[in-house]
2 protein chains.
Amino acid sequence: MARPARKDVEHLLPTPDRIVETATQLFLETGYAGTSMSALAKACGIQKASLYHHFESKEAVLFACFQTGFAETVERMRSAAERTDLSFQDRLPLVLDEVYAAIVSSGAGRMAPVVAETTGRIPEVAERFNDEFIEEMHEIFEVFARDGMEAGEFEPFDLGALDHALFGVPVNLTLCRSMFAKFPDLEERYAVETVKGQHLQILRKLLGLQG
Amino acid sequence: MARPARKDVEHLLPTPDRIVETATQLFLETGYAGTSMSALAKACGIQKASLYHHFESKEAVLFACFQTGFAETVERMRSAAERTDLSFQDRLPLVLDEVYAAIVSSGAGRMAPVVAETTGRIPEVAERFNDEFIEEMHEIFEVFARDGMEAGEFEPFDLGALDHALFGVPVNLTLCRSMFAKFPDLEERYAVETVKGQHLQILRKLLGLQG
DNA sequence: GTCTATACGCTGATAGAC
DNA sequence: GTCTATCAGCGTATAGAC
């Protein structure tokens, strides 16, 4: 009996990319330890042994998941922060858009719980996550905020505090959206655009842009 | 040959409590799926089979970890928020102390990544976490903030936004402290008291208490 | 590059002695 | 209540045909 034909979607990406994308999804849903190579193979529509043709181990798959997207994400945020054709306060919502893309919507930031889960046994993941993602994002925003203050567009405010105010809200949102992913009212209670709007209010008030 | 004497510390708590406490610690460090019953037994200083005398399954241990402390934590926050002998602005740091205790220092909030990891297969955990912890904390703060505004002590500000400003910062801090637990400079970069102080600045500014 | 088949340790869980 | 001994099944990973 012939093997049933695969769905077209499985051929949209070369196998290694498809594995990484599928693995990312599964790690997000059930964690690293909770995702078996068998489950990954099945979700990819290939046999388990074929995984080992592309990646030498499960850890290698994890590393590959963290190799993707950091640089692009950081560069998108940098571009928004350096839009010198705009005033600082006009750049603020653009920067915020990139922060939410990076952390909540499509982003690397959603992997934070997986980093927490694996940091004990695979510390390299946490190191890369910190060096290539977190530190970069913080630095870009710090420069942006300080320049805005020096230009007199933003009221002076503690840069460290501002940093927490910027990243805390979307990180909390991502975690809630992950914890309550199965709740039917998720999109109501934790709507990205709504929270982003409220977050912008917060930042504008802290930077003295109100009124 | 005689079995080596146990350390005194293992006898400070009755066995079921010791199991729950040890399991909480292990779940925090290596996740639910990443923590085996053998590892738990060894960390408790008992045999694996003895675990099953006290808990009928691994899931039962997880539930027990989430049964502990929610009510007390919520009540401590409520007490702080309802200190009618103090002004609203004097209550604010006390409320913040309880929020940090609940989420960062000793708290139930540190289990959020475990909730995220298990919500797909064990949705009851996420439901309890939401109903008995998150929702309660939000409601207490919302009442506190609204009453403070109505009393004229706080400037009016969007309550939803304020909510994100309150919980985002400590949730982000907890997650960072979990991800970078092995970093030698953890206590420098992510010191609880420092962040709490910066967080208080943020809230005071949003509530119009500056100056 | 994908498959079938398999090695073998570890998993959650149980039986039954003490 | 704790132990030793054991189970079936699943975990990661490999061998070798096509």
Side-chain angles (χ1 to χ4, degrees), chain A residues 1-23 26-27 29-65 114 117-118 120-122 125, chain B residues 1-24 26-27 29-65 114 117-118 120-122 124-125:
Chain A
M1 198 166 93
R3 196 166 50 82
R6 289 190 191 152
K7 297 187 203 119
D8 282 348
V9 65
E10 292 174 3
H11 292 288
L12 289 176
L13 285 175
T15 303
D17 296 340
R18 203 170 73 234
I19 293 172
V20 169
E21 195 166 279
T22 309
L26 291 180
F27 290 156
E29 285 171 12
T30 54
Y32 177 72
T35 301
S36 72
M37 292 296 266
S38 331
L40 176 57
K42 186 182 265 187
C44 291
I46 59 174
Q47 291 298 315
K48 190 167 51 165
S50 298
L51 287 179
Y52 287 90
H53 177 79
H54 300 282
F55 297 94
E56 72 169 344
S57 67
K58 189 182 177 183
E59 274 195 24
V61 176
L62 180 68
F63 283 125
C65 291
V114 177
E117 182 199 346
T118 55
R121 288 196 256 245
I122 318 172
V125 170
Chain B
M1 197 166 95
R3 194 166 50 82
R6 289 191 189 150
K7 296 186 204 120
D8 281 347
V9 64
E10 291 174 3
H11 291 288
L12 289 177
L13 285 175
T15 303
D17 296 340
R18 203 170 73 232
I19 292 172
V20 169
E21 196 167 278
T22 309
T24 301
L26 290 179
F27 290 155
E29 284 171 11
T30 54
Y32 176 73
T35 301
S36 72
M37 292 296 266
S38 331
L40 176 56
K42 186 182 268 186
C44 291
I46 58 174
Q47 290 299 315
K48 188 166 55 162
S50 299
L51 287 179
Y52 287 90
H53 177 78
H54 300 282
F55 297 94
E56 72 171 341
S57 67
K58 189 181 177 183
E59 275 195 25
V61 176
L62 180 67
F63 284 125
C65 292
V114 177
E117 181 199 347
T118 55
R121 286 196 259 244
I122 319 172
E124 293 85 358
V125 170

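Chain identifiers are assigned alphabetically (A, B, ...) following the order of the sequence lines, protein sequences preceding nucleic acid strands; residue numbering begins at 1 within each chain. This structure is a prediction, so every number in the text was calculated from the model and none was measured.
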Does K58(B) contact dT11(C) through a side-chain donor or acceptor facing the base, at a distance under 3.5 Å? no
Residue-phosphate contact under 4.0 Å: T15(A) side-chain N/O, dT2(C) OP1/OP2: yes
Nucleotide dC10(C), atom P - distance to CZ of R121(A) in whole Å: 13 Å
d(CZ, F55(B); P, dG1(D)) in whole Å: 12 Å
Atom-to-atom span, OH of Y52(A) to C1' of dA13(D) - whole angstrom: 5 Å
Any ring pair (Phe, Tyr, Trp, His ring centres under 6.0 Å) pairs touching residues 43-64 of chain B, not counting sequence neighbours? none
In terms of the nearest nucleotide of DNA chain D, which residue is placed more toward the 5' end: A39(A) or H54(B)? H54(B)
Given side chains that start at C-beta, do those of I19(B) and I46(B) come closer than 4.5 Å, heavy atoms only? yes
Quick one: is S50(A) getting a side-chain N or O under 4.0 Å of the dC3(C) phosphate, OP1 or OP2? yes
Can you figure out which of dG11(D), dG12(C), dT4(C) approaches the side chain of Q47(A) most closely? dT4(C)
Tell me the interatomic distance from K48(A), atom NZ, to dT12(D), atom C1', rounded to whole angstroms. 7 Å
Report yes if some heavy atom in the side chain of L62(B) is under 4.5 Å from a heavy atom in the side chain of V114(B); otherwise report no. yes
Phosphate contact (dC10(D) OP1 or OP2) by S36(A) side-chain N/O below 4.0 Å: no
E21(B) side chain reached by D17(B) side chain, heavy atoms, under 4.5 Å: no
With a 4.0 Å limit, can you tell me whether S38(B) has a side-chain N or O closer than that to the phosphate oxygens OP1/OP2 of dC10(C)? no
Separation of I46(B) atom CD1 from dC3(D) atom P, in whole Å? 7 Å
Considering just the side-chain nitrogens and oxygens of H53(A), establish if one lies under 4.0 Å of OP1 or OP2 belonging to dC3(C). no
T30(A) vs E117(B) side-chain heavy atoms within contact, under 4.5 Å: no
Round to a whole Å and report the spacing from CE of M37(A) to P of dC10(C). 18 Å
Shortest non-hydrogen pair, L40(B) vs L26(B), comes out as CA-CD1, 3.8 Å
For the pair made of CG in L40(B) and C1' in dC10(C), what is the distance, rounded to whole Å? 16 Å
If the condition is side chain to side chain contact (heavy atoms under 4.5 Å, CB included), which residues does S36(B) pass it with, not counting sequence neighbours? S38(B), A39(B)
Expressed as a whole number of angstroms, how long is the span from L51(A):CG to dT14(D):P? 13 Å
Could you list the protein-to-nucleotides 16-18 of chain D atom pairs, N/O on both sides, closer than 3.5 Å?
none

